[in-house]
**Student:** 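Below you will find the structure I want to go over with you.
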Amino acid sequence: MNDQMPIAAHSHVPVIRRLRRPELPVDTVELTRYLIGKTLVHDVREGRLSGRIVEAEAYPIGDAAAHAFRGPTVRNRSLFLDRGHAYVFFNYGVHWMMNVSSEKAGVGGGVLIRGLDPLEGIRQMEKNRSVSHLTDLTKGPGRLAMAMQIDKSLDGLDLCSLHSEFWLGTAAKPVGEIGITTRVGLSREAHRELRFYEQGNPFVSGPRKLLL
DNA sequence: AGTGCGATTGACT
DNA sequence: GTCAATCGCACTA
């Protein structure tokens with residue numbers, strides 16, 4: 001079973017429909033795996049920006065490395081919304097990054113989106129960043145946020161709303177084999193294998209587990 | 001009130 | 001390989 005939509009005949013643009021909340025697993029780790037290969041879309045004034053999610057990290061309940069670990073604050077409150085809402089935060093005083101909230105309302109959990117394989121709006125993404133290589137556009141959480149015009153104004157939006165400008169869609173094409181390894185850049189809980197990625201995809205950052 | 005540091009990136013030795 | 005940029009929050013006092 002999968003939820004791929006057929007590629008439209010005589011078209012090179014795949015049909016992508018909005019994911020509905022009941023389709024999302026109610027568990028941070030399961031949702032992280034589920035989101036690999038799905039589409040992240042931001043409809044902006046200049047047009048549609050979209051990409052395939054090819055790398056993501058789970059920050060589940062009880063994880064000391066998670067922003068939600070110490071309970072809700074003004075900054076992280078979006079992590080406590082029902083699964084499928086955007087949590088956008090500012091990191092290192094420099095970069096915006098986004099999570100998809102991942103548990104029931106009132107429970108904190110999130111999925112950090114770390115890599116996108118661009119689908120639509122590549123020209124606009126190139127304008128949003130000064131780029132020399134294609135992979136520099138959306139490889140890494142800070143880069144993809146800049147390319148996709150993701151900032152604080154999107155924090156708390158429902159990614160499953162029927163009319164949201166910022167939303168999750170079905171996969172544009174079948175997802176490749178999924179690898180699992182440790183998360184990037186953590187001091188606490190660094191050993192846990194909670195990073196999921198599409199193997200072989202050039203928009204995946206950080207170390208990858210070797211295939212044995 | 002002050003300090004340290006972080007789910008990163010880009011520039012530079 | 002090293003390191004600065006620069007904001008919010010946890011923690012100390």
Side-chain angles (χ1 to χ4, degrees), chain A residues 27-36 40 51 53-81 83-103 107-118 125-157 159 166 168 178-198 201-209:
Chain A
D27 176 87
T28 300
V29 177
E30 287 181 30
L31 179 62
T32 307
R33 181 191 292 270
Y34 174 86
L35 287 177
I36 301 298
L40 182 67
I53 298 171
V54 296
E55 181 188 356
E57 290 177 349
Y59 288 88
I61 298 168
D63 172 22
H67 286 187
F69 184 65
R70 291 173 184 79
T73 65
V74 172
R75 179 205 198 199
N76 71 13
R77 49 174 249 101
S78 298
L79 285 173
F80 294 80
L81 298 173
R83 68 194 190 284
H85 285 78
Y87 164 52
V88 181
F89 67 98
F90 201 44
N91 206 17
Y92 289 102
V94 181
H95 303 289
W96 295 101
M97 301 188 199
M98 79 157 295
N99 281 219
V100 178
S101 68
S102 53
E103 297 285 344
V107 179
V111 177
L112 173 69
I113 307 301
R114 291 190 56 92
L116 286 182
D117 195 337
M125 293 186 198
E126 289 172 338
K127 287 182 182 173
N128 295 338
R129 295 182 42 70
S130 30
V131 73
S132 52
H133 298 100
L134 181 63
T135 51
D136 290 335
L137 271 188
T138 50
K139 178 179 182 169
R143 291 170 178 161
L144 74 85
M146 181 177 291
M148 291 282 288
Q149 299 176 205
I150 294 168
D151 63 21
K152 191 68 180 175
S153 67
L154 304 183
D155 183 47
L157 287 191
L159 297 164
F166 192 34
L168 290 167
I178 295 177
I180 308 173
T181 186
T182 52
R183 296 174 294 185
V184 176
L186 301 184
S187 53
R188 287 178 294 193
E189 307 279 2
H191 62 286
R192 300 184 71 184
E193 298 198 320
L194 292 172
R195 187 161 68 105
F196 294 74
Y197 60 95
E198 183 179 54
N201 192 288
F203 294 90
V204 175
S205 59
R208 308 178 202 182
K209 174 178 284 187

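A note on names: the letters A, B, ... follow the listed sequences, proteins ahead of strands, and every chain is numbered from 1.
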**Student:** Could you tell me how far apart A/Lys152 (NZ) and C/dC7 (P) are, to the nearest whole angstrom?
**Tutor:** 15 Å

**Student:** Among the nucleotides C/dC9, C/dC7, B/dA7, which one has an atom lying closest to any side-chain atom of A/Arg75?
**Tutor:** C/dC9

**Student:** Tell me the interatomic distance from A/Tyr87, atom OH, to C/dG8, atom C1', rounded to whole angstroms.
**Tutor:**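 Taking OH of A/Tyr87 and C1' of C/dG8, I get 10 Å after rounding.
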
**Student:** Which nucleotide in the set B/dA7, C/dA10, C/dG8 lies at the smallest distance from any side-chain heavy atom of A/Asn91?
**Tutor:**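 Closest nucleotide among those given: B/dA7.
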
**Student:** I'd like to know whether A/Ser205 forms a side chain to side chain donor-acceptor pair (under 3.5 Å) with A/Arg114, so could you lay out the CA-CA distance, the side-chain angles of the two residues, the decisive distance to 0.1 Å, and finally the verdict.
**Tutor:** CA-CA 8 Å; A/Ser205 59; A/Arg114 291 190 56 92; 3.2 Å; yes

**Student:** Measure NE2/A/His191 against P/B/dA7 and give the value in whole Å, please.
**Tutor:**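 Spelled out: NE2 on A/His191 to P on B/dA7 is 16 Å.
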
**Student:** Output the single nucleotide from B/dG10, B/dG6, B/dA7 whose closest atom is nearest the side chain of A/Phe89.
**Tutor:**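 Between B/dG10, B/dG6, B/dA7, the one nearest the side chain of A/Phe89 would be B/dA7.
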
**Student:** Looking only at side-chain N and O atoms, does A/Arg70 come under 4.0 Å of OP1 or OP2 in C/dC11?
**Tutor:**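 Checking A/Arg70 against C/dC11: at least one side-chain N or O falls below 4.0 Å of OP1 or OP2.
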
**Student:** Measure from NE2 on A/His67 to C1' on B/dG6 and round the result to the nearest Å.
**Tutor:**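 Spelled out: NE2 on A/His67 to C1' on B/dG6 is 7 Å.
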
**Student:** Determine the interatomic distance between P on C/dC3 and the same-named atom on B/dC5; round to the nearest Å.
**Tutor:**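 These two P atoms come out 15 Å apart once rounded.
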
**Student:** Specify the separation, in whole Å, of atom CE of A/Met97 and atom P of C/dC7.
**Tutor:**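 Taking atom P of C/dC7 as the reference, CE of A/Met97 is at 15 Å.
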
**Student:** Is any side-chain N or O of A/Arg114 closer than 4.0 Å to OP1 or OP2 of B/dT8?
**Tutor:**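 True: A/Arg114 side-chain N/O within range (under 4.0 Å) of B/dT8 OP1/OP2.
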
**Student:** Could you work out which one of B/dA7, C/dT6, B/dT9 sits closest to the side chain of A/Val94?
**Tutor:**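 Output: C/dT6.
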
**Student:** Determine the interatomic distance between P on B/dT13 and the same-named atom on C/dA5; round to the nearest Å.
**Tutor:**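 B/dT13 and C/dA5 have their P atoms separated by 15 Å.
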
**Student:** Examine A/Arg188 relative to A/Phe69 and say whether NZ or CZ is less than 6.0 Å from the centre of the six-membered ring and inside a 45° cone about the ring axis.
**Tutor:** no

**Student:** Just checking, any donor-acceptor pair under 3.5 angstrom between side chains of A/Thr28 and A/Glu103?
**Tutor:**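 Yes, a side-chain donor-acceptor pair sits under 3.5 Å.
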
**Student:** Taking for each residue the nucleotide of DNA chain B with the nearest heavy atom, is it A/Ser130 or A/Arg188 whose nucleotide lies nearer the 5' end?
**Tutor:** A/Arg188

**Student:** Can you check the A/Glu55 CD to B/dA7 C1' distance for me, whole Å?
**Tutor:** 11 Å

**Student:** Among C/dC7, B/dA7, C/dA10, which nucleotide sits nearest the side chain of A/Thr73?
**Tutor:**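 Between C/dC7, B/dA7, C/dA10, the one nearest the side chain of A/Thr73 would be C/dA10.
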
**Student:** Under 3.5 Å, side chain of A/Arg77 to main-chain N/O of A/Thr73, donor-acceptor pair present?
**Tutor:** no

**Student:** For A/Tyr92, which contact category applies under a 4.0 Å heavy-atom criterion: base, sugar-phosphate, or nothing?
**Tutor:** base

**Student:** Find the distance A/His133:NE2 to B/dG10:P and express it as a whole number of Å.
**Tutor:**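 One finds 13 Å between P of B/dG10 and NE2 of A/His133, rounded.
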
**Student:** Who is the Watson-Crick or G-U wobble partner of C/dT2, with both distances under 3.5 Å?
**Tutor:** B/dA11

**Student:** Between A/Arg195 (side chain) and A/Glu55 (backbone), is there a donor-acceptor pair under 3.5 Å?
**Tutor:** no

**Student:** Distance check needed: C/dC7 P versus A/Trp96 CH2, whole Å only.
**Tutor:** 11 Å

**Student:** Would you call A/Asp63 and A/Arg183 a salt bridge, taking side-chain N to carboxylate O under 4.0 Å as the test?
**Tutor:**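 Counted as a salt bridge, because a side-chain N and a carboxylate O are separated by less than 4.0 Å.
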
**Student:** So is the aromatic ring of A/Tyr59 stacked onto the base of B/dA7, judging by whether the centres are under 5.5 Å apart and the planes are under 30° apart?
**Tutor:**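 Yes, A/Tyr59 stacks on the base of B/dA7.
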
